[in-house]
Amino acid sequence: MRTHIISTGGTIEGLDYENLNQKQTTTVAIDDILSNARVALKYTIEKILNKDSRFINDDDRELIAEKIKSNDSDKILLTHGTITMVETAQFLGRLALNKTIVLTGAFILGTKKNTDAPFNLGFALSALQILEPGVYIAMNGTIFNWVNVKKNNQNNRFESI
Ligand SMILES: NC(=O)C[C@H](N)C(=O)O
């Protein structure tokens, strides 16, 4: 089954914000990160938003849900900023869409050499191939279920609760 990737912005795409103001405009496409990493998996990709996740609101989450529902793939990778990733996972989890949906992002700008973006994308894509339907966050080399995940803003880690 083909994987469908939906991208929404965030640090993974190189959006650099400080105090809610954008610092620069150099970004990177998820597609380019994946082709640099020699990913051979069959996927389609659509970029639907270009936002730091602090600006993602429930209208955006409705849009994300619509895009997931209307796509014929049952395997969805959603790239998203980390700050409100848990909120979006919870929003999607409550909709019980009966697809496997994995959210990932990055802590270090996707435009930087030392970014965690390729690792997180590869990890999330692999997880997506084997997980049961549901909503998950794949970050810090760990898979979290939407029902019991929180983000620890002190150390930039996702944790189970
Ligand atoms: N690491 C991140 O993705 C933080 C980011 N600024 C966001 O969109 O939430």
Side-chain angles (χ1 to χ4, degrees), residues 3-37 39 43 45-68 75-95 100-128 131 134-161:
T3 294
H4 187 59
I5 304 173
I6 297 174
S7 81
T8 63
T11 296
I12 189 166
E13 288 184 69
L15 288 191
D16 195 1
Y17 277 76
E18 201 172 76
N19 302 323
L20 300 181
N21 293 312
Q22 189 161 10
K23 280 166 60 183
Q24 48 76 27
T25 52
T26 310
T27 54
V28 58
I30 299 297
D31 210 11
D32 289 338
I33 302 175
L34 291 176
S35 59
N36 286 340
V39 169
Y43 66 86
I45 186 158
E46 66 181 327
K47 177 163 177 62
I48 63 166
L49 293 166
N50 194 40
K51 286 190 171 188
D52 181 281
S53 77
R54 285 170 287 190
F55 299 103
I56 298 259
N57 56 35
D58 278 353
D59 286 345
D60 297 325
R61 295 188 174 101
E62 290 288 356
L63 174 71
I64 293 168
E66 281 316 311
K67 294 287 183 185
I68 293 173
K75 293 186 189 301
I76 308 288
L77 174 66
L78 178 64
T79 64
H80 195 287
T82 60
I83 294 175
T84 63
M85 188 181 285
V86 169
E87 285 83 339
T88 299
Q90 290 169 344
F91 184 97
L92 295 172
R94 287 191 203 101
L95 296 177
T100 306
I101 301 163
V102 177
L103 287 80
T104 198
F107 292 115
I108 299 164
L109 290 169
T111 46
K112 298 257 195 254
K113 228 177 161 180
N114 64 338
T115 181
D116 50 332
F119 172 81
N120 292 342
L121 285 169
F123 177 63
L125 279 171
S126 314
L128 192 58
L131 288 166
V135 178
Y136 308 87
I137 285 179
M139 287 295 291
N140 306 114
T142 306
I143 297 160
F144 302 92
N145 197 303
W146 73 275
V147 289
N148 61 357
V149 58
K150 70 169 177 142
K151 180 159 182 264
N152 182 332
N153 287 318
Q154 250 74 61
N155 62 8
N156 266 352
R157 278 176 177 267
F158 287 82
E159 296 172 350
S160 294
I161 45 174

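Start at 1 and go down the list; that is how both ligands and their atoms are numbered. Small disclaimer: the values here were computed from a predicted structure and weren't measured.
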* Selection from G9, G110, A106 by shortest heavy-atom distance to atom 1 (N) of ligand 1 -> A106

* Out of G105, S53, G10, indicate the one that has the non-hydrogen atom closest to atom 9 (O) of ligand 1. => S53

[atom]: nearest protein contact (heavy atom, Å):
{"atom": "atom 5 (C) of ligand 1", "result": "T11 OG1, 3.3 Å"}
{"atom": "atom 6 (N) of ligand 1", "result": "D52 OD2, 2.6 Å"}
{"atom": "atom 3 (O) of ligand 1", "result": "T82 N, 2.9 Å"}

* Quick one: OH on Y136 to CG on L131, what's the gap to the nearest 0.5 Å? -> 5.0 Å

* Atom pair CZ (R94) and CH2 (W146), whose distance is rounded to the nearest 0.5 Å -> 6.0 Å

* Asked: Checking side chain to side chain contact (heavy atoms under 4.5 Å, CB included) for the pair I48/T8: CA distance, chi angles, key distance, verdict?
  -> CA-CA 6 Å; I48 63 166; T8 63; 4.2 Å; yes

* Structure fact -> Quick note on ligand 1: atoms under 4.0 Å from a heavy atom of G81 include exactly 3 (O), 7 (C), 8 (O), 9 (O)

* Structure fact -> For K151 and F107, the nearest pair of non-hydrogen atoms, with its separation, is CE-CE2, 3.8 Å

* Counting N and O atoms only, with roles assigned by atom type, does the side chain of T84 sit under 3.5 Å from a partner on the main chain of S53, one being a donor and the other an acceptor? -> yes

